[in-house]
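Letters go in sequence order (proteins before strands), and every chain restarts at 1. Given the structure is predicted, the values throughout are model-derived calculations rather than measurements.
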2 protein chains.
Amino acid sequence: MKTLTSGEIAKYCDVNLRTVIRWIDSGRLKGYKLPGGGNNRVKEEDFLAFLQDNELPIPADFQSKETRVLIVDDELQVAKAISRVTTRAGFKSVIATDPFMAGALLTSFKPQLMTLDLSMPGVNGYDIVKFARHDYDDKSLKILIISALGEEQRQQALDLGADMSLPKPFSNKELLNTIESLLVK
Amino acid sequence: MKTLTSGEIAKYCDVNLRTVIRWIDSGRLKGYKLPGGGNNRVKEEDFLAFLQDNELPIPADFQSKETRVLIVDDELQVAKAISRVTTRAGFKSVIATDPFMAGALLTSFKPQLMTLDLSMPGVNGYDIVKFARHDYDDKSLKILIISALGEEQRQQALDLGADMSLPKPFSNKELLNTIESLLVK
DNA sequence: ACCATTTATGACTAAAATGACAAATAGGAC
DNA sequence: GTCCTATTTGTCATTTTAGTCATAAATGGT
């Protein structure tokens, strides 16, 4: 859990330290005091809530950083190829070559986009889509199906909640266009 | 009885180690010194009391009282049998029947104990142990291998970082004893 | 016994809290 | 616009608390 000092907040808000302390004392900004002699600390989440409530500009440090992409493909070559494209496009990319890693990275890395190979041995890609849509809390996650399987199978994944599908093989340009169309905000 | 070092407390409170030592020296935070050269230890209960007394935020690790158990087994019957035992013993139990769920639940449910079936089709249990020990941040996670495979395979998992192993089939009593021995604080 | 990591300590520097007071700002009334 | 007033914010000096650094010691693991 990250916390901020009154001085840090003063810099972020471009106000005097004295003012921040008064905000905290008056309860406008939620904080707590260290045992020592009462130095203030504010939880990052409370600070962000404070900024939002008062419609203050959000400092760059707290802007949601780079867009994250999780690449799920058991063929490392393919995964790396995708990763090159996404990384070059400015996304932070992580590769999962087995379903366990995929699950672990989905809930810890929290990507905005997941590319998913449907035809992984021993894995049911449909179940992954189902999980992401039913048991996973970030509904804004974009799922891009990448598969050598036929149109029918890819459509089935879309029906389950995937956002788009791309047949293998694909060109880098196709891939990039598809991803960027999914990630427009 | 679980104890904390000054460094751990520093991290939990997001404060410098030096400051924690001063809190202890001044008596604000109750602790005791090891015989060696005076390294500090603080009882978990004293730390929690300290947090409460000073209205400090309680770290996530100390939030939920209940101990969480993740059961990874593709055979739902077996998983449910384990779940019955752990639930009855007072643990909060969750079942993952495929590796993707297992990964997702490990990093979101954040169990203190994971039971792991080595012989799941299409999944390499060893990779899961490796992931948990190398790429997962909670090193205090206990891993209990449950497998019908031979002693040798189970030993291999232990070598990779699992904490204990139990051959299939097992009695409820064996299971419970093993789990509780892993979770003693 | 050895090593890497963590912790303790003192001295010092940096940062924060506080009160009193000055300056700036916002909103009304004219 | 000007004047007035209430509220908020900034400044300053001082005291207290927290962080940094270097070094020595202890701890944990192999």
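To the nearest angstrom, C1' of dT15(D) lies 13 Å from CD1 of I21(A). As rounded to whole Å, 14 Å separates atom C1' of dT27(D) from atom CG of L17(B). The CG-P distance, from L29(A) to dA17(C), rounds to 12 Å in whole Å. One interatomic measurement links the two molecules: NZ of K33(B) to P of dA26(D), which rounds to 12 Å at whole-angstrom precision. One can place CG of N40(B) at 13 Å from C1' of dT6(C), the figure rounded to the nearest angstrom.
Close to dA15(C), at under 4.0 Å from its OP1 or OP2, lies no side-chain N or O of S6(A).
Sequence order on DNA chain C of the closest nucleotides to R18(B) and K11(B) puts K11(B) first from the 5' end. Each of D25(B) and T5(A) was assigned the nucleotide of DNA chain C with the nearest heavy atom; the assignment lying further toward the 5' end belongs to D25(B).
Shown here is E66(B), whose CD atom has more than 12 heavy atoms of other residues, nucleotides or ligands within 6.0 Å. Other residues, nucleotides and ligands contribute only 12 or fewer heavy atoms inside 6.0 Å of the NZ atom of K2(A).
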Give each protein N/O atom lying under 3.5 Å from an N/O atom of nucleotides 16-18 of chain D, with the pair distance.
unit_1: dT17(D); atom_1: O3'; unit_2: G37(A); atom_2: N; d: 3.4

Using residues 36-54 of chain A as the side-chain source, report each donor-acceptor pair under 3.5 Å to any protein atom, sequence neighbours left out, with the distance given to one decimal.
unit_1: N40(A); atom_1: OD1; unit_2: K33(A); atom_2: NZ; d: 3.1
unit_1: R41(A); atom_1: NH1; unit_2: D14(B); atom_2: O; d: 2.9
unit_1: N54(A); atom_1: ND2; unit_2: F50(A); atom_2: O; d: 2.8

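Within the structure, salt bridge (Lys or Arg N to Asp or Glu O under 4.0 Å) pairs that include any residue of residues 69-83 of chain B comprise D73(B)-K168(B), E75(B)-K168(B) (at least two apart or interchain).
A salt bridge links K130(B) to D127(B): at least one charged side-chain nitrogen sits closer than 4.0 Å to a carboxylate oxygen. The pair D163(A)-R133(A) meets the salt-bridge criterion, with a side-chain N (NZ, NE, NH1 or NH2) lying under 4.0 Å from an Asp/Glu carboxylate O.
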